[in-house]
Structure formats: structure tokens, C-alpha cells
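We name chains A, B, ... by the order of the sequence lines, and we start the count at 1 in each one.
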Number of protein chains: 2
Amino acid sequence: MRADAQRNRDRIVEVARAIFRAKGFEAVSMDEVAKAAEVGPGTLYRHFATKESLYDAVLEAWADKVNTAVDRAISLDAPARERLLNWLTDYASMLTEHKGAAARITAALGDPGSPFAAKCQTYLGANQRVINALDSALRPGVEAIQISRLVGGVAAVVDTSELPADAAAAMLGVVADGLLAP
Amino acid sequence: MRADAQRNRDRIVEVARAIFRAKGFEAVSMDEVAKAAEVGPGTLYRHFATKESLYDAVLEAWADKVNTAVDRAISLDAPARERLLNWLTDYASMLTEHKGAAARITAALGDPGSPFAAKCQTYLGANQRVINALDSALRPGVEAIQISRLVGGVAAVVDTSELPADAAAAMLGVVADGLLAP
DNA sequence: GAACTATACGGAGACACTCTCCGTTTTGCA
DNA sequence: TGCAAAACGGAGAGTGTCTCCGTATAGTTC
């Protein structure tokens with residue numbers, strides 16, 4: 001990639017991250033990002049063919065955060081329910097960090113063609129690690145993709161309804177109880 | 001309302017119902033509805049100020065179906081889990097009947113200003129009736145709006161990911177176990 | 001049944017958005 | 001320095017929501 005192209009790409013991602021964080025996915029237009037990054041729409045679209053692939057680049061650092069959160073939760077010296085709930089809460093709060101992200105990422109979980117496919121693999125892997133760690137404390141047959149979708153669903157509702165943290169916690173509590181062995 | 005206005009309104013709702021059912025909320029444009037109903041866009045927008053308020057009119061008959069489903073589920077001669085799961089399944093399948101409806105209706109649950117506000121009251125009332133009927137079989141502190149949101153979240157994920165019925169059933173099973181007393 | 005007024009109609013178009021085409025500019029190498 | 005390849009960026013196509021306002025019609029009054 002030519003030096004000017006690399007500079008532009010970096011600046012676009014940096015600017016877009018700030019705008020997406022401030023306004024959420026839906027409320028941001030590509031023209032707005034292009035103007036803020038001081039490039040033309042054509043340049044923006046050559047680097048990122050769709051708004052979602054731009055979003056994917058913006059969320060690049062998430063994968064690390066997910067794995068860190070898993071490590072922390074499963075190594076806690078606490079009962080299984082608390083460890084599980086710790087993870088579910090972290091996961092949900094990462095999904096709701098950017099408005100509009102939860103629904104999009106969760107919808108992409110089973111779609112290998114999505115721009116988010118790589119991230120989804122990370123999330124599924126994280127949930128699988130949680131399942132392995134908690135092992136017999138969970139109901140038999142619980143799968144990583146089920147946890148991903150359940151928490152994704154909760155996060156999407158929290159996001160679109162702009163619910164306070166305690167409402168989210170109550171819902172995640174129900175999910176945790178449903179996942180844990182009786 | 002003038003007779004011609006009433007005729008147009010009725011025809012718009014009838015036509016829109018068919019189109020929404022066939023294509024889902026997002027994929028239908030207001031111009032498309034206007035053309036199909038053989039009215040101008042101006043006429044359509046005078047009757048329904050937004051696409052959502054048109055959708056609300058289209059979904060008018062849902063309230064009855066919800067109450068019928070509650071009656072059926074709670075009067076079943078079966079264990080609490082089966083009765084609960086019966087209702088959750090019915091509720092989720094009604095929400096996913098129209099593509100795009102689940103997320104929208106669930107997001108409107110706490111918003112009195114939404115075009116769906118009246119419907120949301122019906123849903124909340126239905127879930128409250130379920131709570132009253134199952135009573136001590138549920139964990140203490142379970143609220144109607146929590147059930148509405150949890151199932152709404154599941155329905156939204158099922159809808160956007162186009163999941164098969166068994167994946168939905170597995171998720172609803174987790175929710176049911178989380179709601180029921182241990 | 002004709003005149004009149006309030007009501008409703010409907011199309012042109014304003015505005016916003018995603019995304020593309022292509023002439024112009026810049027870069028980096030020979 | 002010259003030159004191809006690469007990148008730029010703006011005009012605009014296409015699609016959507018929603019509005020304005022001149023025109024047509026319904027329903028009432030005489």
C-alpha cells in the first residue's frame with residue numbers, strides 16, 4: 001500500500017472510532033466520516049467497501065479485551081454462579097459499549113460471510129473457554145453459540161431501550177440461572 | 001373522517017399487511033405501499049405519519065392473539081415448566097411472525113411515546129397474567145417486563161439470524177429455567 | 001340540484017443516505 | 001527528471017423518508 005493510502009486509512013479508522021463511539025452505528029453516515037477524515041467518499045469506500053467493514057476495523061481491539069475478560073472471570077476465587085455472571089456482565093457491557101453493535105455482531109454469529117466473522121470466532125472461543133472452565137457447574141448440553149446469542153439478545157435489548165445497568169443485571173441473572181445446573 | 005378518506009385508510013392497512021408479512025418491516029418502503037394501495041405518498045403520510053405507526057395499525061389484531069395464547073398456556077394440565085415454556089414459545093413465535101417486528105416492539109416496551117405503546121401494555125399484561133398463574137413456581141422478584149424483554153431479545157436474535165425453531169427452543173429453555181424457582 | 005367550503009388527494013421535490021464512475025493528482029521507482 | 005501505477009475526490013445515480021401546495025372531491029346548505 002502506498003504511503004498516502006496508509007496514512008489515509010489510519011486517519012479514517014481513528015476518526016471513525018471517535019464518531020461511532022459518540023453517536024452509535026446507525027446515526028453515523030459515511031459522508032460524515034469522510035468529511036471528518038478529510039477525504040472524499042470515493043477514497044473512504046475504496047478502503048472500506050461497506051459501513052460494516054469500516055466498523056469492523058474500528059472494533060479491532062475488541063478481541064484482546066474479550067480474552068482478558070474471560071481470563072479474569074474464570075480465574076476468580078468464587079462460586080460458579082459469580083464467575084459466570086462476572087463474565088456475562090463483562091461480555092454484555094462490551095457489546096453495548098458502542099450503540100448498535102450488539103445486534104449487528106450477534107446477528108453475524110452464524111454468518112461466515114459477515115465482515116464481523118473473525119470477531120465472532122473470538123467471541124465463540126471465549127464462551128467455549130468459559131464452558132470448559134465451569135464444566136460440571138453448567139447444565140449439560142450448553143453450547144458456546146447459545147451463550148453468545150442469549151447475551152447478545154440481552155445486550156441488544158439493553159442497547160436499543162437504553163436500559164440502566166441494574167435492569168441488564170437482572171436479565172443476565174436469569175440467563176445465568178438458566179445456564180447453571182440446578 | 002370523510003368516506004373517501006376512510007376507504008383509502010382501510011385499503012392502505014389491508015395492502016400494507018400483505019406486503020409487510022411477505023417482506024418484513026425493513027424491506028418495505030412507504031412508496032411501495034402507496035403504489036400498491038393506489039394512493040399518493042402524501043395521502044399515505046397523512047393517514048400514517050411514520051412507517052411505524054402504519055405498522056402499528058397493521059398489527060392491530062395481535063392483542064387478541066396474545067391473550068388467547070396466554071389463556072391456553074396457563075390452563076394446560078401440565079407442570080409449571082411446560083406451561084411456561086408453552087407460553088414463551090407462543091410469544092416468541094408471534095414476535096417473529098413479521099420480520100423486524102421483534103426488535104422494534106421490544107425496544108418500545110419502556111417508551112410511552114412509541115406508536116406501539118398500547119400493544120406493549122397488552123404484552124406486559126399478558127406476562128403479568130402468566131406470572132400470577134404460575135406464582136410460586138417462579139423465582140421471587142420476576143417481573144413482567146423482564147420476561148417481555150428476555151423473550152423479545154431471543155426473538156430478535158432468532159429473527160435477525162433466521163434461526164430454526166430448535167435453536168429458538170433451546171434458548172427459550174434456558175430462559176424458562178432461569179425464571180423458574182430452583 | 002347547484003353553489004360553496006372544508007376536507008382529502010397526489011405528485012413534484014427537498015433532503016439524507018449509500019455507493020460508483022472516472023478524470024485528476026500524487027507517489028515512488030527507474 | 002520522467003513516467004506508469006496507484007490513490008484521490010467530487011459529481012451524481014439510485015433509493016429511501018417525508019413535505020408542500022395546487023387540484024379534486026365530498027358533503028352541506030339553500
Side-chain angles (χ1 to χ4, degrees), chain A residues 1-17 19-20 22-59 98-101 103-104 107-108 113-116 160, chain B residues 1-17 19-20 22-59 98-101 103-104 107-108 113-116 160:
Chain A
M1 190 183 295
R2 240 167 61 174
D4 54 343
Q6 185 67 56
R7 270 198 309 276
N8 275 340
R9 191 188 192 282
D10 292 349
R11 198 171 62 254
I12 287 170
V13 172
E14 189 184 342
V15 162
R17 181 177 292 123
I19 300 182
F20 277 129
K23 309 176 68 170
F25 184 84
E26 321 276 1
V28 176
S29 80
M30 291 294 263
D31 271 21
E32 181 181 358
V33 174
K35 276 197 177 62
E38 297 177 319
V39 298
T43 302
L44 176 54
Y45 274 95
R46 193 165 341 89
H47 284 296
F48 306 99
T50 65
K51 196 168 153 186
E52 297 209 329
S53 70
L54 169 60
Y55 204 40
D56 184 63
V58 163
L59 301 183
H98 288 61
K99 199 160 167 51
R104 267 158 209 288
S114 157
F116 302 129
T160 53
Chain B
M1 190 182 294
R2 239 166 63 174
D4 55 343
Q6 185 67 55
R7 270 198 309 274
N8 275 340
R9 190 186 193 283
D10 292 348
R11 197 172 61 254
I12 288 169
V13 172
E14 189 184 343
V15 163
R17 180 175 293 124
I19 300 182
F20 277 128
K23 308 176 69 171
F25 184 84
E26 321 277 359
V28 175
S29 80
M30 291 294 263
D31 271 20
E32 181 181 356
V33 173
K35 277 197 176 60
E38 298 177 316
V39 298
T43 301
L44 175 55
Y45 274 94
R46 194 166 340 90
H47 285 296
F48 305 99
T50 66
K51 197 169 152 186
E52 297 207 330
S53 69
L54 169 60
Y55 205 39
D56 184 63
V58 163
L59 300 183
H98 288 61
K99 198 159 169 50
R104 266 157 209 289
S114 157
F116 302 128
T160 53

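- Regarding A:F48, its CZ atom lies at a distance of 13 Å from the P atom of D:dA7, rounded to whole Å.
- Residue A:R11 contributes atom CZ, which lies 13 Å from atom C1' of D:dA7 at whole-angstrom precision.
- Residue A:S29 is in sugar-phosphate contact alone, with no base atom involved, counting any heavy-atom pair closer than 4.0 Å across all strands shown.
- Base engagement by A:D31 is indicated by at least one non-hydrogen atom pair under 4.0 Å involving a base atom.
- B:K51 places a side-chain N or O within donor-acceptor distance of the main-chain N or O of B:V28, the cut-off being under 3.5 Å.
- If you measure from atom CG of B:L44 to atom C1' of C:dC9, you get 12 Å, rounded to the nearest angstrom.
- One can place CE of A:M30 at 22 Å from P of D:dG12, the figure rounded to the nearest angstrom.
- At the phosphate of D:dA7, neither OP1 nor OP2 sits under 4.0 Å from any side-chain N or O atom of A:T43.
- Looking at heavy-atom distances under 4.0 Å, A:V28 makes contact with sugar-phosphate atoms alone, never a base.
- Judged by distance alone, the side chain of A:K35 and the main-chain N or O of A:P41 form no donor-acceptor pair under 3.5 Å.
- A straight line from CD of A:E26 to P of C:dA16 spans 18 Å, rounded to a whole angstrom.
- For the atom pair CE of A:M1 and CZ of A:R9, the computed distance is 6.0 Å after rounding to the nearest 0.5 Å.
- With D:dC8, C:dT27, C:dT18 as the candidates, the nucleotide lying closest to the side chain of A:K51 is C:dT18.
- Regarding contacts with the backbone of C:dA8, every side-chain N or O of B:N8 stays at 4.0 angstrom or more from both OP1 and OP2.
- Taken to the nearest 0.5 Å, the CG atom of B:L44 stands 6.0 Å off from the CG atom of B:L54.
- Using a 4.0 Å heavy-atom criterion, one finds that A:A34 contacts no nucleic acid atom at all.
- Atom CZ in B:R9 sits about 16 Å away from atom C1' in C:dT7, given to the nearest Å.
- Using a 4.0 Å cut-off, some side-chain N or O of B:Y45 falls inside it from OP1 or OP2 of D:dC18.
- To the nearest angstrom, P of D:dA24 lies 14 Å from CZ of B:R2.
- At C:dC9, one or more side-chain N or O atoms of B:H47 fall inside 4.0 Å of OP1 or OP2 (strictly under the cut-off).
- Rounded to whole Å, atom P of C:dT18 lies 12 Å from atom CD of A:E52.
- The aromatic rings of B:Y55 and B:H98 lie perpendicular to each other, with more than 60° between the two planes, well past the 30° mark.
- Sequence order on DNA chain D of the closest nucleotides to B:M1 and A:E38 puts A:E38 first from the 5' end.
- The residue among B:T50 and A:V39 whose nearest nucleotide of DNA chain D is located toward the 5' end is A:V39.
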